Amino acid sequence: KPFAGGGTTGFTSVSIGIALYPRDAQDSQALIDCADAAMYSAKSAGRNGFRFHSTALGQSYRNGHAQESDLRGALERNELSLLYQPQVSLRTFRILGCEAFLCWNRLGNGPVELEASLPLARKTECIVECERWAIDALISQVEDWSRLLASGLTYSIDVSSLHLRPAHFERLANRLADTADDLRSGLELEIREADLVDCPSRTLDALQRMRDLGIPLMLDQIGLGPTFLSQLKKLPFRRVKLDLSLILDLETNSESETVV
């Protein structure tokens, strides 16, 4: 049921993870870990539900911890880098800017996009530290480019929804606020549509504050998440980026053309 407080009405939900002794684990700490993994599975399935622990779920949970450890190691060993993909106007063929991709140069084998190397990394707290590194590196690069390139270019970079939590948001906002106005207006933060599932009001407040600071926002991967057009008008995004799945058959599929 809704509850009232501070002049507003709030709602809450519960996600429950269940682990059974002795089927899932033999000691209390292992049982707690199994229940924790099941709880996160319930949250990712849409929240306000429950999940029992399973062998497959446990393996996924262990993989997540292993990838977080790999990610921390990459950060400590300075193995991260940015690669840039130019954004080009199809009308004028002029470069409008670029998108920065966070990559991992694992074992000296050359940079590979981080998400391809560690697909579960985006759900770990360590990704926030890596994104801080990436934003600092991008700002430094843009400062160098600004002496050589024309003004008015846009430099975009993807950030996870974890970065919009209160614990991390203030630091991000302060970092961007300290950036020169002309550089800050050229930076663009990409937020994925799927990351806005069950988006709490504080996340919307964080997005609005970003826009108030003059930071352009882009809604990324439209078509993979549940956002509807009625919701889009409430969100403070300057641009949206359609997912590739919506445009691959655009020339041959009239239904895709209608959706786009």
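All of these numbers come straight from a predicted model, not from anything done at the bench. FYI, the numbering just counts along the sequence from 1.
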Q. Quick one: are V240 and I222 in side-chain contact, heavy atoms under 4.5 Å?
A. yes
Q.
Quick one: does any side-chain atom of D24 pair with a main-chain N or O of L20 as donor and acceptor, under 3.5 Å?
A. yes
Q) Honestly curious: do I139 and F101 fall in one hydrophobic cluster under the side-chain, below-4.5 Å linking rule? A) no
**Q.** Residue pairs, two or more places apart or on separate chains, that pass salt bridge (Lys or Arg N to Asp or Glu O under 4.0 Å) and touch residues 85-105
**A.** E99-K241
**Q.** Non-hydrogen side-chain atoms of H168 and E131 separated by less than 4.5 Å
**A.** no
**Q.** Interatomic distance, M39 atom CE to I32 atom CD1 [nearest 0.5 angstrom]
**A.** 11.5 Å
Q: Report the C-alpha distance between L80 and C130 in whole Å, list the side-chain angles of each, state the deciding distance to 0.1 Å, and finish with yes or no for side chain to side chain contact (heavy atoms under 4.5 Å, CB included).
A: CA-CA 8 Å; L80 300 180; C130 294; 3.8 Å; yes
Q. Do Y84 and I135 belong together in a cluster built from hydrophobic side chains that touch within less than 4.5 Å?
A. yes
Q) Within a radius of less than 6.0 Å around CZ of R23, do more than 12 heavy atoms belonging to other residues, nucleotides or ligands occur? A) yes
(Q) Just verifying a value: how many Å separate I247 CD1 and E257 CD, rounded to the nearest 0.5 Å? (A) 13.0 Å
**Q.** Set of residues satisfying salt bridge (charged side-chain N to carboxylate O under 4.0 Å, His left out) with respect to R175, sequence neighbours excluded
**A.** D136
Q) Taking only residues two or more places apart in sequence, or in another chain, which ones meet D27 in a salt bridge (charged side-chain N to carboxylate O under 4.0 Å, His left out)? A) none
Q) Should side-chain heavy atoms under 4.5 Å link Ile, Leu, Val, Met, Phe, Trp and Tyr, which residues sit in the same cluster as Y21? A) L31
Q: Could you list the residues that satisfy side-chain contact (heavy atoms from CB on, under 4.5 Å) with L90, not counting sequence neighbours?
A: none
Q: Any chance you could measure I191, atom CD1, to L219, atom CG, to the nearest 0.5 Å?
A: 8.5 Å
Q: Decide yes or no on side chain to side chain contact (heavy atoms under 4.5 Å, CB included) for L102 and W133, but give the supporting numbers first.
A: CA-CA 9 Å; L102 182 57; W133 177 92; 3.8 Å; yes
Q) So, the side chain of S146 versus the backbone of E143: is there a donor-acceptor pair under 3.5 Å, distance only? A) yes
Q) Does the side chain of F50 reach to within under 4.5 Å of the side chain of S15, using non-hydrogen atoms? A) no
Q: Check the pair L187 / I157 against side chain to side chain contact (heavy atoms under 4.5 Å, CB included), numbers first and verdict last.
A: CA-CA 8 Å; L187 297 175; I157 190 167; over 6 Å; no
Q: Ignoring hydrogens and angles, state whether a donor on the side chain of D33 or Q29 is under 3.5 Å from an acceptor on the partner side chain.
A: yes
Q: Answer yes or no: are there more than 12 heavy-atom neighbours, outside I18 itself, under 6.0 Å from its atom CD1?
A: yes
Q. Does the side chain of Q87 pick up a donor-acceptor pair with the side chain of T154 at under 3.5 Å?
A. no
Q) Run the side chain to side chain contact (heavy atoms under 4.5 Å, CB included) check on L248 and L250 step by step: do they pass? A) CA-CA 6 Å; L248 276 178; L250 192 60; over 6 Å; no
Q. Could you state the interatomic distance from OG (S160) to CD1 (I127), rounded to the nearest 0.5 Å?
A. 6.0 Å
Q. Which heavy atom of A35 sits nearest a heavy atom of A19, and at what distance?
A. N-CB, 3.7 Å
Q. About how many Å separate CG of D249 and OG1 of T252, when rounded to the nearest 0.5 Å?
A. 5.0 Å
Q. Taking all non-hydrogen atoms of both residues, which atom of E193 and which atom of Q221 are closest, and how far apart?
A. OE1-O, 3.2 Å
**Q.** Sub-4.5 Å side-chain heavy-atom contact between S156 and L189
**A.** no
Q. If you look at every heavy atom in R192 and D158, which pair is closest and at what distance?
A. NE-OD1, 3.4 Å
Q | V88-L244 co-clustered via ILVMFWY side chain contacts under 4.5 Å | A | no
(Q) Show the nearest heavy-atom pair for residues A25 and C34, with the distance to one decimal. (A) CB-SG, 4.3 Å
Q. Can any side-chain N or O of Q26 pair as donor or acceptor with the backbone N or O of P22 at less than 3.5 Å?
A. yes
Q: Quick one: closest heavy-atom pair of L207 and F237, and the distance?
A: CD1-CZ, 4.1 Å
Q: Over all heavy atoms of both residues, which pair between R72 and C126 is shortest? Give the atoms and the distance, please.
A: CG-SG, 3.2 Å
Identify every side-chain donor-acceptor pair in residues 208-218 under 3.5 Å, counting partners at least two apart or on other chains, and give the distances.
| unit_1 | atom_1 | unit_2 | atom_2 | d |
| --- | --- | --- | --- | --- |
| Q208 | OE1 | R211 | NH2 | 3.4 |
| Q208 | NE2 | D212 | OD1 | 3.2 |
| R209 | NH1 | E170 | OE1 | 3.3 |
| R209 | NH1 | E170 | OE2 | 2.7 |

